[in-house]
Amino acid sequence: MAPTKEQILDRLATVAAPDGRKVTESGALSEIVVSDGKVFFSLSVDAAAVKAWEPVRKQVEDAVKSVSGVVSAMVALTAERAGGQVGRAAPPPAAARAQGQGGHGHDHGQGRAPAGPSGVPGVKAIIAVASGKGGVGKSTTSINLALGLRDLGLKVGVLDADIYGPSLPKLLAIKEKPQTIGGTRLKPIERYGLTVMSIGFLIEEETPMIWRGPMVMSALTQMLREVAWGELDVMVVDMPPGTGDAQLTMAQQVPLAGAIIVSTPQDLALIDARRGIAMFQRVNVPILGVVENMSYFLCPSCGTRSDIFGHGGARKEAERLKVPFLGEVPLDMAIRETSDSGLPIVATQPDSAHAKAYRAIAENVRSALSGAGAARAAPKIVIEA
Ligand code: ADP
């Protein structure tokens, strides 16, 4: 039996807000969305009260999960009334990141606990794959790069953080829903040896979702911390396209070991890529390098190569900006077809030239990662005497 809103509200009335009132009478509840047993809503509170509400958010979520018929619950804490949004209310400044995340984060004896985002237990390094704009092949690159890293013997996870347009369900032809473990954590899905998670596994493709800034962060945090990722050498995060506030907040909040920028070779795309690089640099995330996608076109019938978008632009740009160039991938029908039919080329045509190109990029990423210090994902905790 599908749960009703009334059943959920009844259960929520048993949870107390920080001021002792019932959550249902606190004025914080947004509209409750119930779809196929999946429940979503937010709690809007004053920025100053966010800390007090965080445990309540968890209680609310647990209460919703305990209603019979509820498959999953996602409750976001939003703070828009004063002091801005949750995601922005506590920017981890560059200094805090370095202190908490860097291989050099020794805190210089000041005894402060790290203030930056903390790592995901069991995950050695998290890397972001980003692009200045949509449609450049960021998701296709993410999945094939993840498979390339798998081929190097690494245990790899993929988190689809593009909650506005999740692509993993399509890229891997995944229709199943993640199971919960003990009612509190989600079990990620395994495909081609990768451990994967996407908000797209939880919502129907047709379900329109409106995400406000803080909800984005909350959903992302849940996907990082409330999913049983297990032991991973690398987690590849497929970021939403663009370099707006949402991306900046994510770049700040996710404990990234480094970022990869995907670009096509045209000037316009490169301007966007430059913005992407600047964004990560602003929050002290090392740029592992740039990938040029749709770099050139090899005619399948005559073998002639055409530099449709002006090959080499990304390499030159990387040189100019003094960031590594990780490799190039041609524009090719086989890549489009395999990507769009959920059969990524590195997994399904491992001996193809394209799969080799992705594996070469993966090798470069692995080297860049060891240079960047994968230890960034493991903050050093200093206990004050
Ligand atoms: P993004 O994540 O940047 O929006 P996608 O990975 O979804 O981009 O790719 C956009 C479209 O381009 C998809 O149809 C994909 O199959 C196709 N595509 C991506 N890379 C290539 C490539 N190298 N050759 C041919 N088609 C590609």
Side-chain angles (χ1 to χ4, degrees), residues 127-148 158-174 191-192 194 196 198-200 205 236-244 246-247 250 259-266 268-277 279-280 290-301 303-315 325-349 352-362:
I127 58 178
V129 178
S131 64
K133 61 170 189 169
V136 299
K138 170 184 55 60
S139 300
T140 304
T141 307
S142 301
I143 200 72
N144 283 299
L145 166 67
L147 289 161
V158 181
L159 168 59
D160 180 3
D162 189 354
I163 59 170
Y164 302 101
S167 16
L168 264 187
K170 186 167 168 206
L171 281 171
L172 296 175
I174 291 176
R191 253 329 168 275
Y192 302 117
L194 303 175
V196 302
S198 166
I199 196 91
E205 257 178 75
V236 175
V237 180
D238 184 1
M239 298 279 283
T243 50
Q247 288 83 0
M250 279 193 194
I260 295 164
I261 309 288
V262 180
S263 180
T264 51
Q266 310 97 308
L268 266 180
L270 288 169
I271 292 172
D272 289 318
R274 216 169 294 157
R275 273 199 205 110
I277 292 172
M279 177 184 86
F280 285 109
V290 176
V291 173
E292 182 166 292
N293 190 35
M294 310 189 190
S295 184
Y296 54 89
F297 175 69
L298 268 188
C299 173
S301 40
T304 310
R305 173 176 161 152
S306 320
D307 292 347
I308 296 182
F309 299 133
H311 166 252
R315 182 191 288 272
F325 182 68
L326 297 168
E328 54 193 33
V329 177
L331 174 72
D332 192 282
M333 196 70 115
I335 297 179
R336 197 199 63 71
E337 282 171 357
T338 49
S339 183
D340 294 352
S341 56
L343 300 163
I345 199 154
V346 173
T348 56
Q349 300 175 25
S352 63
H354 302 319
K356 285 183 188 139
Y358 282 115
R359 274 197 296 273
I361 292 171

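Counting starts at 1 for both ligands and their atoms, in listed order. On a predicted model such as this, the values are computed, not experimentally measured, just so you know.
Taking every heavy atom of L331 and a limit of under 4.0 angstrom, the matching atoms of ligand 1 come to 24 (N), 25 (C). Less than 4.0 angstrom separates some heavy atom of D340 from each of these atoms of ligand 1: 13 (C), 14 (O), 15 (C), 16 (O). Near S339, with a cut-off below 4.0 Å to any heavy atom, the atoms of ligand 1 are 16 (O). Heavy-atom contacts of M294 reach the following atoms of ligand 1: 12 (O), 18 (N), 19 (C), 20 (N), 21 (C), 27 (C) (cutoff under 4.0 Å). Taking every non-hydrogen atom of S139 and a distance limit under 4.0 Å, the qualifying atoms of ligand 1 come out as 1 (P), 2 (O), 6 (O).
For atom 21 (C) of ligand 1, the nearest non-hydrogen atom from the set D162, V136, I335, V129 comes from I335.
Smallest separation of non-hydrogen atoms from I199 and P166: CG2-CG, 3.9 Å.
In this structure, E292 contributes its side chain and A314 its backbone to a donor-acceptor pair below 3.5 Å. With D272 contributing its side chain and K133 its backbone, the two residues share no donor-acceptor pair below 3.5 Å. With hydrogens and angles disregarded, no donor-acceptor distance shorter than 3.5 Å links the side chain of S263 to the backbone of A273. Checking side-chain atoms of N293 against main-chain N and O of V136 turns up a donor-acceptor pair under 3.5 Å. Checking side-chain atoms of T338 against main-chain N and O of I335 turns up a donor-acceptor pair under 3.5 Å.
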For side-chain contact (heavy atoms from CB on, under 4.5 Å), just list the numbers for I261 and F280, CA-CA rounded to whole Å, side-chain angles, deciding distance to a tenth of an Å, and then say yes or no. CA-CA 10 Å; I261 309 288; F280 285 109; 3.9 Å; yes

Test side-chain contact (heavy atoms from CB on, under 4.5 Å) on L331 and T264 and set out the steps. CA-CA 10 Å; L331 174 72; T264 51; over 6 Å; no

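For the pair N293 and ligand 1, the shortest N or O to N or O distance falls below 3.5 Å. Residue G134 has no N or O atom closer than 3.5 Å to an N or O atom of ligand 1. Taking any N or O of T140, backbone or side chain, at least one lies under 3.5 Å from an N or O belonging to ligand 1. Remark: ligand 1 and K138 share an N or O pair separated by less than 3.5 Å (distance only, no angle test).
Residue contact check for ligand 1: G135 places a non-hydrogen atom closer than 4.0 Å to it. For P330, the heavy-atom gap to ligand 1 drops under 4.0 angstrom.
At the shortest separation from atom 25 (C) of ligand 1 among protein heavy atoms lies D332 O, 3.1 Å. Taking atom 26 (N) of ligand 1 as the reference point, the nearest protein heavy-atom neighbour is R336 CB, 3.4 Å. Taking atom 8 (O) of ligand 1 as the reference point, the nearest protein heavy-atom neighbour is G137 N, 3.0 Å.
No side-chain heavy atom of Y358 sits less than 4.5 Å from a side-chain heavy atom of L147.
Under the side chain to side chain contact (heavy atoms under 4.5 Å, CB included) test applied with V196, the options D238, I174, V236 reduce to a single match, I174.
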